[in-house]
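Structure, as structure tokens:
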Amino acid sequence: MNQVIDTITSHRSIRAFKDQPISKIQLDAIIASGIAASSSSLLQAVSIIRVTEQEKRLKLAELAGNQPYVASAAEFLVFCIDYQRHYTLDNNVHPEFMELTLIGAIDAGIMAQNCLLAAESLQLGGVYIGGLRNSPYEVDQLLELPPYCAVLFGLCLGHPDQHPQLKPRLSPEVIVHENAYQPLEVGSVKQYDQIMLDYYQTRSSNSKQQGWSEQTCNKLAQESRPYMQDYFHCKGLAKK
């Protein structure tokens, strides 16, 4: 329909990058695009840590579950909830409310997606790194985050050295509800399961023998990162 929509719908996670830097002009445009993102009540409760020290990159790659592209990507950005700047301006600010943590997390996701879309429009690629939450305390210490500032996820950016297939998504018929929530038609998901099985059979690596619903329900049946609540609490967030 237009270049913006084509860029959005052509998204692929890139995990292999060429040994080529992102220019300052490009990086400035990517960051400016992130900062231009929507922000609830203009709170702007997000900070980005640009990690350029290779030793820190290597440690972050390890802490994220040994993901080597954290170290090899041209740029690695870490997105954090940040109410420390507000507290610095006025210590009557109360960052401990759960709603403020939600706002910070939502704003960070919107900001990061703007950054990635801007990068992809420049023929760059990237991948989000939620694995930083595998070791939030260690990442926090490494990045010297103050109180009321907490790590959420990272973003690798660089010049793609691969062109993976598009990963199929659930159909709008499953995702979009009109006027009120509609009961799930299981048959629609079963069709998607077969699409995903066919997709995995064509992959040269990481082939899987399960459909989406089986993989997802198995994952959701287990507790994931149970320490995150305590981590946010120790940062002065999500306490009320």
Side-chain angles (χ1 to χ4, degrees), residues 2-40 42-86 88 104-133 136 139-146 149-164:
N2 60 45
Q3 286 187 331
V4 174
I5 293 174
D6 287 346
T7 298
I8 292 170
T9 56
S10 298
H11 166 71
R12 298 163 169 82
S13 291
I14 300 298
R15 295 177 174 84
F17 300 96
K18 296 177 181 177
D19 185 15
Q20 181 180 349
I22 292 175
S23 73
K24 184 179 186 305
I25 291 175
Q26 289 175 320
L27 182 61
D28 287 349
I30 290 166
I31 297 297
S33 298
I35 292 172
S38 299
S39 173
S40 180
L42 202 62
L43 293 181
Q44 301 180 86
V46 183
S47 278
I48 300 172
I49 312 294
R50 180 191 176 205
V51 184
T52 57
E53 294 180 14
Q54 191 60 23
E55 185 176 341
K56 284 190 175 183
R57 286 276 210 102
L58 290 167
K59 184 62 177 177
L60 288 170
E62 176 188 335
L63 293 173
N66 296 310
Q67 299 188 63
Y69 27 92
V70 172
S72 62
E75 295 287 340
F76 187 62
L77 308 177
V78 179
F79 290 80
C80 304
I81 295 174
D82 184 10
Y83 288 103
Q84 174 57 219
R85 73 166 61 94
H86 307 79
T88 299
I106 292 166
D107 278 13
I110 296 169
M111 179 182 284
Q113 188 66 2
N114 264 26
C115 289
L116 181 56
L117 288 173
E120 290 176 337
S121 76
L122 298 171
Q123 309 305 312
L124 302 169
V127 63
Y128 290 113
I129 306 295
L132 292 183
R133 298 192 304 279
V139 172
D140 190 291
Q141 184 177 20
L142 186 68
L143 300 180
E144 304 177 38
L145 302 185
C149 181
V151 63
L152 290 174
F153 55 86
L155 175 61
C156 295
L157 293 173
H159 296 266
D161 198 23
Q162 61 177 177
H163 189 71

* Taking side chain as C-beta onward, heavy atoms only, is V70 less than 4.5 Å from V51? -> no
* **Residues in salt bridge (charged side-chain N to carboxylate O under 4.0 Å, His left out) contact with D140, at least two apart in sequence or another chain** => K235
* Asked: Would a 4.5 Å heavy-atom cut-off, applied to side chains only, mark F153 and I129 as touching?
  -> no
* **Reported CZ-to-CG distance for the pair R133 and L152, which is rounded to 0.5 angstrom** => 7.5 Å
* With sequence neighbours excluded, give me every side-chain hydrogen bond (donor to acceptor under 3.5 Å, both in side chains) pair touching residues 4-13. => H11-E120
* To do: Could you tell me whether I5 atom CD1 has more than 12 heavy atoms of other residues or ligands within 6.0 Å of it?
  => yes
* Asked: With a 4.5 Å limit on heavy-atom distance, are the side chains of S47 and Q84 in contact?
  -> no
* Hey, are the side chains of I49 and V151 touching, using non-hydrogen atoms and a 4.5 Å cut-off? -> no
* **Sequence neighbours excluded, every pair satisfying side-chain hydrogen bond (donor to acceptor under 3.5 Å, both in side chains) that has a member inside residues 24-35** => S23-Q26, K24-D28
* Which heavy atom of G158 sits nearest a heavy atom of A74, and at what distance? -> CA-CB, 4.0 Å
* To do: Please report the closest heavy-atom contact between A16 and Q162, naming both atoms and the distance.
  => N-OE1, 3.4 Å
* Structure fact -> Shortest non-hydrogen pair, I48 vs M111, comes out as CD1-SD, 3.7 Å
* Under the side chain to side chain contact (heavy atoms under 4.5 Å, CB included) rule, collect the residues that match up with A29, sequence neighbours excluded. => none
* To do: Apply side-chain contact (heavy atoms from CB on, under 4.5 Å) to L145 and C80, showing your working.
  => CA-CA 9 Å; L145 302 185; C80 304; 4.0 Å; yes
* Taking all non-hydrogen atoms of both residues, which atom of D107 and which atom of S39 are closest, and how far apart? -> OD2-OG, 2.9 Å
* Any pair counted as salt bridge (Lys or Arg N to Asp or Glu O under 4.0 Å), so long as it reaches residues 58-77, sequence neighbours left out -> R50-E75, K59-E62
* Gap separating the CG atom of D161 from the CZ atom of R15, nearest 0.5 angstrom -> 14.5 Å
* Check A73 against C156 and note the closest heavy-atom contact, atom names and distance. => CB-CB, 3.7 Å
* **Distance in Å, K18 NZ paired with S72 OG, rounded so as to fall on 0.5 Å steps** => 14.0 Å
* List in chain and number order the residues that pass ring pair (Phe, Tyr, Trp, His ring centres under 6.0 Å) with Y69, two or more places apart in sequence or in another chain; answer none if no residue qualifies. => none
* **For L43 against Y83, the heavy-atom pair lying closest together** => CD1-OH, 4.3 Å
* Would you indicate whether the side-chain heavy atoms of L155 and C115 approach each other to under 4.5 Å? => yes
* Hey, could you give me the CG/CG distance between L63 and L58, rounded to the nearest 0.5 Å? => 11.0 Å
* Structure fact -> CD1 of I8 to CD of Q3, rounded to nearest 0.5 Å, is 12.0 Å
* Interatomic spacing from CZ in F79 to CG in L132 - rounded to 0.5 Å -> 11.5 Å
* Does H159 use its side chain to pair, donor to acceptor, with the backbone of P21 at less than 3.5 Å? -> yes
* Asked: Applying the side-chain contact (heavy atoms from CB on, under 4.5 Å) test to L157, which of L116, I14, L124 qualifies?
  -> L116
